[in-house]
Each structure stands twice: as structure tokens, then as C-alpha cells.
Amino acid sequence: MMIRTVSRLSLSLSLCLFAPFVSAESGFTPQASSQTSSVSAAQGTESALSKVSPLSKTLAQYSLDRYGSEMEQSLAELVYFNTEAIPGLTPDTNPEFIGFKQALKAQAEQLGLDYADHGYVLLIGLGEDRGGGANKLGIITHGDVQPANSTLWHQSPYQLDTQSQPGKLIGRGTEDDKGPIVTAMYAMKALKDKSVKLNRRIELMVYLAEESDWEPLKVFLKDYQAADMNITIDAEYPVVTAEKGWSQIKLTIPEAKVKAPNFDKPQLQHYSGGSFASQIPQQALALIRGADSAMVSRLQRAAESQQGMRYDFTLDFDSLEIAANGKSAHSSTPEDGVNAVTHLAALLESEIFAPSQSALTLAFINEMIGLDLYAERFGELGYSDDFMGPMSLAPTVVEWGQGGTSITLNLRRPVGKSPETLDKQLSAALAGWQQSHGVTLVDVSSYWGDPKVMDKAPHLQTLLNVFAEFTGIADPKPVAIGGSTNSKLFPNALSFGPAMPGVEYTGHSEHEFITREQLQLNLKMYTAAMVELAVNPGS
């Protein structure tokens, strides 16, 4: 998945009865604007100003009162399963996915919801299926997760941690996207409890390869009657109407052909970092031969100027190992992380190394990327859109090997350039660098995902109204994100949460969590959205 706002919100803030559910603990605290009247006055005019039905507010509060605690236990049951894609296995052959399906089916049936298993796609529904997209409200989620490095977590990432940081529910999938799954199910349960009359069946889709392979979903959709109104709960609030295209450049720095070793200069023998393509790297590693204590002292002094980085220097005779530790983040929001790969390269930039494969790798990172986030050094490749913002570029995986060092660059591109133009500009930028270093890069490839704008969906204003009602933010506006969700594959699909605007999205990171208050606020907003969009007004 995703995520965070690229086009900044311009929101006036006002107090409302529901503001306490968005607190400093969640990292987002509405403040009254200068035009805001007293709390009592705001409460006195609430009924007149509200654009959300009384039934929506009543059921939203009921869902929280009745299921706020139970929902957390259900989340723990789903987090338990490591639903990371494994090459060669499918959701029907991977034991972790099989267990996840069994747990989700048991939860759905316990809540009185219907459940259908279609392999890669699970459907959980409330209400009669009368056929036709106009008779459905689609809720789009996914149950698979990105990898997690267990050594970087306080406890197992597959055990819901509610103790190490009070108020936070920590674990892989809590925000992306198992938390939203259980929230949606309990919102559906609240509607079922009150026997409201639905004018649309509510159908929760849980796809099991969103993080790795969209092809099985595309195949499924060929014969599936999708709703003509869909909500993806895999991004952020208020409402996402534009998503950048997930893009990638891969290349290999070749093994250096050195006529004779140069022992007069230190040798950078190894350079690597990163875990997977959609994560800003938290760790990087460099091995240097021919180092001394003077070099260590220089590097330690230089490291002090790098905010958010931690280095471990281990000198054994003349062999120096440097372990860099930054901050992981979703690669769609590189500004939220501290990229260990680029910062370690910057640290070593002033050192002079003998020619080698790793020295070339270091030069490529420093000269073509540096500490920039938006392809500023990559020739003419970078660009920006007024609403969607700039294209981001981050090295996310650097893998050293005997035959060369492979580099994966993850990009998120807005509208404004065609893939053909981007490929030409990429080729030109790489050609210039290769010529300056007398080297030929190998295995160069690119993929340019399509950005999408979804600003004509009929339920846009309804979702904005729900968000305003339960957060106290007046006149919220749609936003664009750097992430890419399955909403691109569905008609009239808008993303609605689970993350608040202006708050770091932790999915894909090695510290993924959702606050308890945010999970509960999401339950209220999802319940209200379902009432507004799928319940007969006369109920």
C-alpha cells in the first residue's frame, strides 16, 4: 500500500462533540481557529450544521461502546499470522495464509456475516446480494503484509504488542491492513445488530496479494460484479482522490575490472542495505580494508552531524565494519524515514577509495541520488504536479554480489510525464554517469506505474462530511497520496483512512502501529459511512 498526503490540506479547525477521539496520543490534535466560538455555542449549533444523519451518529457511538474492546482481540488474532508472500506458494498452500483464512472466517461467522473464499480473494458480506453493482457498497482491503525484521521489534511483529508503548497497538499489519479489516467487520456488525434496512449489500473484500502481485485480483474481477461505489481503507483521510503510480528502476553496478590492486588507498569491499522495494532502508553496511583509527575518528565526527542516524564502528586491525541504522518508512513517504543507504554513502563521500565495485556503488548513490528525495540529481527525470506533488525517488535495496551490486530505486510518479518520456530521460541520465566513470551498467530496467485521479465519485462529499463530523475539522478537502492501492482497479473507488492527515503512516516500517484511539475513531467513521451510503433513509 501507500501512503501520505502529498498535496497539503488547507483546513480550518473547529471544536465538536467528537474531537476527544482524536488526541495527542494519535499524533493529531485539532485546535480551534480564531473564528471558533465557545464549546457550548458549537454544541448548540451542532444539529443545524451537521451533514451526517442522527442514525449514523447513533450507530457510530453504539459500535464503539459495544465492540471497541472486542475488536482489539480480533486484530491480535489476525496479526498472529505472517501473511507475507512466499515465492512458489499461494494463499491455498501457504500455512500462514491458511491459518489467517480460518481465523477470519471464524470471526466473520461469529459476527453473523457471510463469508466466501475465492483463493486470493475473500468476500465478507452483510445483506442480500440482489445482483448488479448499483446494489452493492464495496469495502476494499488486503490481508497480506510486507516482510518484518524481527530483530528490530521490541517483541515478535506477529504478536500484538499493547504494553511496550501504552496506547499503541504494535505489530505487522496493524495499520496496513489488518486493523482496517476488523474495523470494517465490526462496523458491519453494528448495523446488523440494529436490523437497519440496507439499500445496498455491504461487501468487504480482503485481497491476499496486494503487496506482491495484482494479477490474481485482475483475473478475479473479470467475472466478478464489483460495486459501482467503493471505499478503499488502505490509505489516509480525509478522502484520497489521486494516487501516484508505483514505479521502479533496477540496475547493476558491474564487478570492477582492476588491473592491479591499489593498496595505497583504502578499499571499500562491500556496500549493501535495505530489505524490500517498498521500504525506506533502516539498515546499511560497509566493509573497508586498509582503515585505521584516524579514519574512524573522522567518520565518527562526521556522523555527529547526521540527524536520526546511529553508527556502529568496529575496527579489527585494518578492517573496518560500519553498521548504519536509520529509520524505516513506507517508500511512498521517504520524508518520514531516515534512509540508511543514502546517509551512509554521504558519510563516506569524503573518503578516497581504491577503484572497486563498491566504490562505484558509493559514487552512484552520492552523485545520482544523494540525500535528496525527489530525483533532483537524476538528470531531467524529476518533475511535479500541482495537486499530486513531486515524483519521489529512493534507493530501497542495495545488494552486493560477486558479479555486481544490484540497486533498486523505488519511485512514486504523478501525472505529467509519459513512460516513454521518463525512459528517455532515465537513459540520458544513466548515459552521462556511465561516461563519466567509464563503466557500463548492466541489467537496467524500468517500470512506470500509472497514476490515477478519482475525483468524480458520487460519494466523495458524503465521506468528507463523515470525516468532518467525527474529527471536528471543518470543510476538509480531498488529498493526493504517493502510495498505490487496489482502488485503481475498481469503479468509483475512494480511499478513506485509516491514517490521519499529517500523521506519519507506519505501514511497511519496522515500527508499524495504530493507536487505540485511532482504531476506535476509525470504527465510528466506518460505521457512519456505511449507514450514510448503504442504509435506507427510512430505517
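What you are looking at is a predicted structure, and each value in this text was computed from that prediction instead of being measured.
For D292, the salt bridge (Lys or Arg N to Asp or Glu O under 4.0 Å) test picks out no residue, with sequence neighbours left out.
Environment of OH in Y158: crowded, with over 12 heavy atoms of neighbouring residues, nucleotides or ligands closer than 6.0 Å. Heavy atoms from other residues, nucleotides or ligands lying under 6.0 Å from CZ of R377 number more than 12. Other residues, nucleotides and ligands contribute more than 12 heavy atoms inside 6.0 Å of the CD atom of E376. Taking a 6.0 Å sphere around CD of Q434, one finds it holds more than 12 heavy atoms contributed by other residues, nucleotides or ligands.
With no hydrogens or angles considered, a side-chain donor-acceptor pair links E211 and H508 at under 3.5 Å. There is a side-chain donor-acceptor pair under 3.5 Å between R412 and S331. Between the side chains of K244 and S392, no donor-acceptor pair of N or O atoms lies under 3.5 Å. Looking at T421 and S418, their side chains do bring a donor and an acceptor atom within 3.5 Å of each other.
Atom CD of E367 is separated from atom CD of E349 by 8.0 Å, given to the nearest 0.5 angstrom. Note that CG of L411 is 6.5 Å distant from CG of L381, once rounded to the nearest 0.5 Å. Once rounded to the nearest 0.5 Å, the distance linking CD1 of I231 with CG of L463 reads 5.0 Å. If you take OG1 on T93 and CD1 on I86, they are separated by 10.5 Å, rounding to the nearest 0.5 Å.
The aromatic rings of F364 and W433 sit perpendicular to each other, their planes meeting at more than 60°, with 30° as the lower class boundary. The aromatic rings of F496 and Y237 stand perpendicular to each other, their planes meeting at an angle above 60°, with 30° marking the opposite boundary.
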### Message
Using the rule given for side-chain contact (heavy atoms from CB on, under 4.5 Å), can you reason through W448 versus I249, listing the C-alpha separation, both sets of side-chain angles and the distance that settles it, and then say yes or no?
### Response
CA-CA 9 Å; W448 304 105; I249 298 168; 4.1 Å; yes

### Task
May I have the step-by-step check of side-chain contact (heavy atoms from CB on, under 4.5 Å) for M205 and F220, ending in yes or no?
CA-CA 12 Å; M205 176 181 288; F220 176 80; 3.9 Å; yes

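Between the side chain of R413 and the backbone N or O of P451, no donor-acceptor pair lies under 3.5 Å. The backbone N or O of T151 sits less than 3.5 Å from a side-chain atom of N149, completing a donor-acceptor pair.
Contact check on K452 versus E243 returns no salt bridge, with no Lys/Arg side-chain nitrogen under 4.0 Å from an Asp/Glu carboxylate oxygen. Here K101 pairs with D92 in a salt bridge; the nearest charged N to carboxylate O distance falls below 4.0 Å.
Here the closest heavy-atom approach between residue P216 and residue Y207 is recorded as CD-OH, 3.3 Å.
None of E512, E510, H511 except one satisfies the side chain to side chain donor-acceptor pair (under 3.5 Å) rule with W153; the exception is E510.
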